[in-house]
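Working notes, beginning with the structure itself.
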Amino acid sequence: MSSFYDPSKAEAKWQKAWEEAGVFKTDLKKAKNPYYSLVMFPYPSGDKLHIGHWYNYAPADSIARFRKMQGHDVFSPMGFDAFGLPAENYAIKTGVHPAESTKKNVETMITQLKKIGCMYDWDKMVNTTAPEYYRWTQWLFLEMFKNKLAYKKKGNVNFCPSCQTVLANEQAQDGKCERCGTEIIQKSLEQWFWNIKKYSQQLLDGLETLDWPEKTKVMQRNWIGRNEGVNIPSRIKDLGDEFEVFDSVPQTFMAQTFSVIAPEHPLVEKMVKGTKYEKDVMAFVERMKKLKATEKYNFEEHVEGIFTGRYVEDPFGTGDLPIWVASFVVMDYGTGIVHCSAHDTRDFAFAKKYGIPLRPVMFPEDPKEAEKVKNLEVCYAKDPNAIMMQPEQFKGRRWGEVREDVIKHMTKTGLGQPVVQYRLRDWLVSRQRYWGAPIPIVYDPEGKPHPVPGEHLPWLLPTDVEFRPTGESPLKLSKEFKERTEKIFGKGWTPEYDTMDTFVCSSFYYLRYLMAGAHPHPPTPSPEGGRGAVVDPSLEKKWLPVSMYIGGPEHACMHLIYARFVMMALKDFGYVSHEEPFRKLVHQGLVTHKGAKMSKSKGNVVSPDAFVNEHGSDVFRMYLMFMGPFEAGGDWSDLGINGVVRFVKRIHRAITEKVDMTMKSDSSAVTTALHKTIKKVTEDIEAMHFNTAISALMEFLNLIEKEEALSIALGKTVALLLAPLAPHLSEELWSELGGKDFAIQQPWPKYDPALIVEATMTIAIQINGKLRGDIVVPRDATKEEILALAKENGNVKKYIESGLKKEIYVPEKLISFVV
RNA sequence: GCCGAGGUGGCGGAAUGGUAGACGCGAGGGACUUAAAAUCCCUUAUCCACUAACGGAUGUGUGGGUUCAAUUCCCACCCUCGGCACCA
């Protein structure tokens, strides 16, 4: 046995050996005890793998390996979310076609990924840009269309002036483009939407069944934004138009003295047409539209409005409500028109600004404060102890307890009816970009949309286009695309020129992994055009939901909500049996450097390559895991990695030099420590506390280094304990110790609970809560014996001389004396 | 503003009511070496005392509280990070 360990040689050797033996290939059909280990698949960028990739994939692989050794049939696939803007932007700059650069990037990335040494089953790879894949992205669109969940609508949509495309609501984060950070503007465009809103309640309810981080669930709940209230039937005086108005705080409905309507509301024009208000109101509406279209709309700077001259006809018997157009009303929430009262801070401020009358209906107990409310000096809102004055039958009751009764009252008298509103908006799926899956829709000469029939799928992305961001889809520039459409459908027919949001591609990829070999690389069109089912129902039933999904928290309200929606829709369409795709979800933390997020502009990016080339994958991935708790991330240190470099060298040396074939067993102290270590490492990996699992192994190493010789059984157990964390080192030790097959194919070591009990125990002694000494006693000592021994302790003795008030014994841990 | 997570040595962190600082980095000292690297051994929260040996005080963002005992539980506040934010 050699005590010198060369990671670069050993790692290449074992990666090759694993691949040749096919140890990570999963027979999806035959598997008995399935464990689906999934990581968020990467975008194949031209850059090398960064620390974020390693920090996601390596620990995920550790868990997968751990499960495999525990007897699961682990399926751990890898693929590429390869449609998207970077390749297109690269094409604009260099003229290299996105298909070409993507293909090249995928190839380099596969080589890099293989160096991590993860247990991926490469036969099951997917690539979203392969026609065999996007055929299913298009199929999904058609299913949505067929089931009336896809529709085209004109409306104000988020537009990124830099990416020159519209964006979904989820992708406009803090008013900025999720991709490039440019401020979003509003544009009125006709776009394709998917009706995710229909699944609001189901998306909310499903969260209860999931083993996900609570903060992610909270984020999704907030994003869905369930809100209970009443809908108040209302009518415009003289015009007779009827509509409903949502009110989530119905207790104060009697206080409502005016109404506000969104500038883009279609009723506005009708209300003012031919009246003296028309010119000013429509000018205001135009100004609002322009404002939103040119800059990030800041509501605090722009609380403004204008009177329409119209009224809501006396909804509560308190008089007509003047209707104002107001900048702050959201068109997409409720009905785009709201009744306003003195008991809402924004309504109050608006009324004050324009001198609109207010009428408070509840007051604080303190007469002085109540006077202020009466005189409209302050806005009084949402105080549970407020005393109601109106309506008459609720007089004297508290605002905080009257809600349900008011709703009942309104329902009974026809003033309103209970209703639930959600903040979630429909998913805008069209993009005015080239490098995406074409929307499989064609228009007849009248402009009516028709689905592209299944036999024409994949509806190929044309190649004869120029890459120019114009705000319109580049597909318009393709001659072939137009000709193809006319040839198939007839003269005057035109294709849809927009492509799909890449989040559509990633909303079902976990199903396509199960379709073994469906996406060969490089992609080669199969004679059947990749037909079949989106997923084999028996495999879906067996392998879903995903056992463990690991990825960044930034997807909480994007990918993770879209994928859930798509799965629910597919279940309703009858293609899958589960409605939730990911049973357990874990987010990896962020690896920072010098306290800041790594970025090219800050110049603090750490590239894994130099470290991996020098020390190997095992060291690099173990250091990432050792840095801190997995879900918390950590700050990278160039020096800190030395600890793990030493650990790998030392443990290899200790095992290879000290294991003695003739030794039958180890000392009882070493055996106890070994079993304690097995227990700790098992529990810590289970809980994804990799940092403490590694410390436990380091502690154990510190102990065995002091031994003259070790048994072979101990050596083999150590090799196996290392398998999830340092898989190559583990194989090296396993084979050097004469282990059969691969370490990764062995069962996970078990500990013997009887062996972790030590013969003696150390009892700490506290006097008035302060540690004053400790005693070592035999494990079978009684409480009385221990207390007596403690009182004899030299240092303790002088404290308890002054008189003992109380003594507390915590079994096996400590004694607390109170004097 | 609202929601969530967090604040522990020089640094990364450990401990979730029971010996605070495991494990590692860094630093200081020593051994080996002609020398250096590597490796190994000792020390390492702060302050005081002692240094022949034994000790003592303070200490987990701040201020209170509960308890024999609090990093851990409760109350108030400060700070950092993440998310949401005209949603009637």
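Numbered from 1 within each chain, the chains take letters A, B, ... in sequence-line order.
- Out of B:G12, B:C68, B:U19, the shortest distance to the side chain of A:Ala764 is found at B:U19.
- The interatomic distance linking A:Glu554 (CD) with B:G83 (P) rounds to 9 Å, in whole Å.
- When rounded to the nearest whole Å, the span between CZ of A:Arg423 and P of B:C2 equals 15 Å.
- Across all strands shown, B:G55 forms a Watson-Crick or G-U wobble pair, both distances under 3.5 Å, with B:C48.
- Residue-level contact check: A:Val818 touches the backbone only, with heavy atoms under 4.0 Å from sugar-phosphate atoms and none from bases.
- Between A:Asn691 and B:A14, a side-chain N or O to OP1/OP2 separation shorter than 4.0 Å is present.
- The nearest whole Å value for the distance from the CD atom in A:Glu631 to the P atom in B:G6 is 11 Å.
- If you check every strand for non-hydrogen atoms under 4.0 Å, A:Trp636 touches nothing.
- Between the NZ atom of A:Lys658 and the P atom of B:C40 there is a distance of 11 Å, given to the nearest Å.
- Within the nucleic acid shown, A:Asn642 comes within 4.0 Å of sugar-phosphate atoms alone, with no base atom in reach, counting heavy atoms only.
- Ranking B:U39, B:A22, B:C25 by closeness to the A:Glu699 side chain, first place goes to B:A22.
- Side-chain N/O atoms of A:Arg221 include none lying less than 4.0 angstrom from OP1 or OP2 on B:G4.
- The gap from the C1' atom of B:U43 to that of B:G10 amounts to 15 Å, rounded to the nearest Å.
- Ring pair A:His343/A:Tyr380 is perpendicular by interplanar angle, where above 60° counts as perpendicular and below 30° as parallel.
- A donor-acceptor pair shorter than 3.5 Å can be found between the side chains of A:Gln256 and A:Asp247.
- Each of A:Arg425 and A:Val644 has a nearest nucleotide on RNA chain B; the 5'-most of these lies closest to A:Val644.
- Nucleic acid contact class of A:Thr692 (heavy atoms, under 4.0 Å, all strands): sugar-phosphate only.
- Checking B:C40 for Watson-Crick or G-U wobble geometry (two distances, each under 3.5 Å) identifies B:G30 as its partner.
- Residue contacts for A:Asp247: at a heavy-atom cut-off of 4.0 Å it reaches the sugar-phosphate backbone alone, with no base atom in range.
- The shortest distance between the side-chain N/O atoms of A:Arg646 and the OP1/OP2 oxygens of B:C25 is below 4.0 Å.
- Taking the six-membered ring for Trp, A:Phe328 and A:Phe350 have ring centres closer than 6.0 Å.
- A distance of about 23 Å separates the C1' atoms of B:G82 and B:U16, rounded to the whole Å.
- Applying side chain to side chain contact (heavy atoms under 4.5 Å, CB included) to A:Ser259 and the options A:Val245, A:Val338, A:Leu321 leaves one that passes, A:Leu321.
- Nearest to the side-chain atoms of A:Leu814 among the listed nucleotides B:U19, B:C23, B:C68 stands B:U19.
- Side-chain N/O atoms of A:Asn702 include one lying less than 4.0 angstrom from OP1 or OP2 on B:G24.
- Nearest nucleotide to the side chain of A:Lys813, out of B:C25, B:G18, B:C87: B:G18.
- The residue A:Leu639 sits close only to the backbone: its heavy atoms come under 4.0 Å of sugar-phosphate atoms, none of a base.
- Between A:Tyr354 and A:Trp324, the two ring planes are tilted [angle within 30° to 60°].
- Annotated as syn: B:G9, whose glycosidic dihedral is within 90° of 0.
- Along RNA chain B, the nucleotide closest to A:Gly334 and the one closest to A:Ser695 are compared, and the more 5′ of them pairs with A:Ser695.
- For the C1' atoms, the distance linking B:U71 with B:A22 amounts to 15 Å, nearest Å.
- Closest to the side chain of A:Lys215, out of B:G4, B:G24, B:A15, is B:G4.
- A ring pair (Phe, Tyr, Trp, His ring centres under 6.0 Å) with A:Tyr623 is found for exactly one of A:Trp636, A:Trp54, A:Phe611, namely A:Trp636.
- Put simply, A:Arg650 has a side-chain N or O that comes within less than 4.0 Å of OP1 or OP2 on B:C40.
- Nucleotides B:U33 and B:G24 have their C1' atoms positioned 28 Å apart, rounded to a whole Å.
- Nucleic acid contact for A:Val260: none, since no nucleic acid atom lies under 4.0 Å from a heavy atom of the residue.
- Distance check on atom C1': B:G12 versus B:U8 gives 12 Å, rounded to whole Å.
- One can place CE of A:Met625 at 16 Å from C1' of B:G13, the figure rounded to the nearest angstrom.
- Taking atom P on both nucleotides, B:A76 is separated from B:A27 by 45 Å, rounded to a whole Å.
- B:A45 and B:G9: their P atoms are spaced 13 Å apart (whole Å).
- A:Pro629 comes within 4.0 angstrom of sugar-phosphate atoms only, judged by non-hydrogen atoms across all strands, and of no base.
- Using P as the reference atom, B:G7 and B:U60 are 13 Å apart when rounded to the nearest Å.
- In this structure, B:C73 forms a base pair with B:G65, meeting either the Watson-Crick or the G-U wobble geometry with both donor-acceptor distances under 3.5 Å.
- For A:Met698, counting side-chain heavy atoms from C-beta on, the closest listed nucleotide (B:C23, B:C84, B:G18) is B:C23.
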(Q) Does A:Trp399 form a side-chain contact (heavy atoms from CB on, under 4.5 Å) with A:Val361? I'd like the steps, not just the answer. (A) CA-CA 10 Å; A:Trp399 179 83; A:Val361 297; over 6 Å; no

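- Within 4.0 Å of A:Gln766, counting heavy atoms only, lies at least one base atom of the nucleic acid.
- We find that A:Arg287 and A:Glu304 are joined by a salt bridge, their nearest charged nitrogen and carboxylate oxygen being less than 4.0 Å apart.
- In this structure, CD of A:Gln220 is placed 17 Å from P of B:G4, rounded to the nearest angstrom.
- Side chains of A:Thr692 and A:Asp684: a donor on one and an acceptor on the other come within 3.5 Å.
- Of the nucleotides present, B:C3 is the one that pairs with B:G82 by Watson-Crick or G-U wobble criteria, both distances under 3.5 Å.
- Ranking B:G18, B:C25, B:C3 by closeness to the A:Val218 side chain, first place goes to B:C3.
- In this structure, the CG atom of A:Asp774 is 15 Å from the C1' atom of B:C54, given to the nearest Å.
- A:Gln173 places its CD atom 7 Å from the P atom of B:G83, with the value rounded to the nearest Å.
- Base pairing of B:A22: no nucleotide in any strand meets the Watson-Crick or G-U wobble criterion (both distances under 3.5 Å).
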